[in-house]
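Have a look at the structure below, then the notes.
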Amino acid sequence: EAAADPDALLMLYRRLQLDHDATLRALIGWLGSVRVDSDSEAIVTLARAHLLIDHFAYAEALESLGRYLRGAPVPEGARQHALLLQAVGFLGLGNRGSARHFLRVAQDINPESDIARTAGYFLDQLP
C-alpha cells in the first residue's frame, strides 16, 4: 500500500478551503441581493451577518446590521439579536467600548432572554 503524499494532501486541503470560501462568499452575496418580505427580512439579515462574522468580515456585518436596524421597525427579538451581533462585530474590530454599549443595549431589551444572558456572559468576559 502506497503512502499518501503529504504535499498532495496539503494541496487538496487548500483547494477544498478555497472552494469553501468561494461558496461562502457566493452565499453572502446572494443573501445581500435577495429581495424578501418584511417577515423574512430578519432571518436573511441575521443569517448574512452571522456568515460575515464567521468569515471575519466584521465591518461588512456592521454595515448590514446598521442598515437593517435603521430601516423599517424591527421586531424586539430580531433587534436584540442584531445588537448582539453588532457587539461581536465591534469585538472583532477591537472596539471594546462600542461592543460593551451594544451588549448593554441588547441586555436591556429583554433581560430574561437567552440573548441577554449571552450578552451578560460577554460583558463579564471583557476586561
Side-chain angles (χ1 to χ4, degrees):
E1 190 172 312
D5 177 9
D7 291 334
L9 290 174
L10 184 58
M11 286 180 60
L12 176 61
Y13 173 78
R14 287 184 180 151
R15 172 71 191 252
L16 290 173
Q17 186 63 39
L18 288 174
D19 288 347
H20 175 73
D21 289 347
T23 301
L24 269 179
R25 270 282 159 206
L27 179 57
I28 290 168
W30 179 80
L31 286 170
S33 67
V34 68
R35 294 191 186 275
V36 294
D37 59 27
S38 59
D39 292 337
S40 302
E41 185 178 12
I43 294 167
V44 170
T45 301
L46 296 173
R48 183 172 187 270
H50 273 282
L51 288 171
L52 287 166
I53 288 168
D54 288 348
H55 210 63
F56 307 108
Y58 303 116
E60 194 175 345
L62 289 169
E63 181 182 321
S64 176
L65 290 163
R67 271 194 318 269
Y68 173 62
L69 290 169
R70 287 188 304 272
V74 177
E76 180 181 282
R79 176 173 292 286
Q80 192 178 31
H81 193 156
L83 291 165
L84 178 68
L85 289 175
Q86 282 187 306
V88 173
F90 279 114
L91 282 173
L93 293 175
N95 187 335
R96 290 183 181 153
S98 291
R100 272 190 199 89
H101 167 76
F102 284 102
L103 289 168
R104 287 187 183 115
V105 174
Q107 259 188 327
D108 290 344
I109 290 174
N110 179 358
E112 302 303 315
S113 71
D114 288 341
I115 290 175
R117 284 188 283 280
T118 300
Y121 173 79
F122 278 122
L123 283 167
D124 289 345
Q125 302 306 307
L126 286 174

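In what follows, residues are counted from 1 in the order of the sequence shown.
- In this structure, the side chain of S113 engages the main chain of N110 through a donor-acceptor pair within 3.5 Å.
- A 4.5 Å side-chain heavy-atom check between L65 and L46 finds at least one atom pair inside the cut-off.
- The side-chain heavy atoms of L83 and I115, taken from C-beta on, include no pair separated by under 4.5 Å.
- Taking CD1 from I43 and NE2 from H81, the interatomic distance works out to 11.5 Å, rounded to the nearest 0.5 Å.
- To the nearest 0.5 Å, the span separating CG on D114 from CG on L84 amounts to 11.0 Å.
- Listed by chain and number, the residues in a side-chain contact (heavy atoms from CB on, under 4.5 Å) with R104 are R100, L123 (sequence neighbours excluded).
- Annotation: side chain of Q107 is not in contact with side chain of L103 (no heavy-atom distance under 4.5 Å).
- Side-chain contact between Q86 and H101 is absent, with no heavy-atom pair separated by less than 4.5 Å.
- In this structure, the salt bridge (charged side-chain N to carboxylate O under 4.0 Å, His left out) partners of E63, at least two apart in sequence or on a different chain, are R67.
- Under the side-chain contact (heavy atoms from CB on, under 4.5 Å) criterion, P75 pairs with Y68, A78, sequence neighbours left out.
- Within the 4.5 Å cutoff, side-chain heavy atoms of T118 are placed close to those of F122.
- Nearest heavy-atom pair across A116 and P111 is CB-O, 3.5 Å.
- At least one side-chain heavy atom of Y58 sits less than 4.5 Å from a side-chain heavy atom of I53.
- Annotation: the span from L91 atom CG to F102 atom CZ amounts to 11.5 Å, rounded to 0.5 Å.
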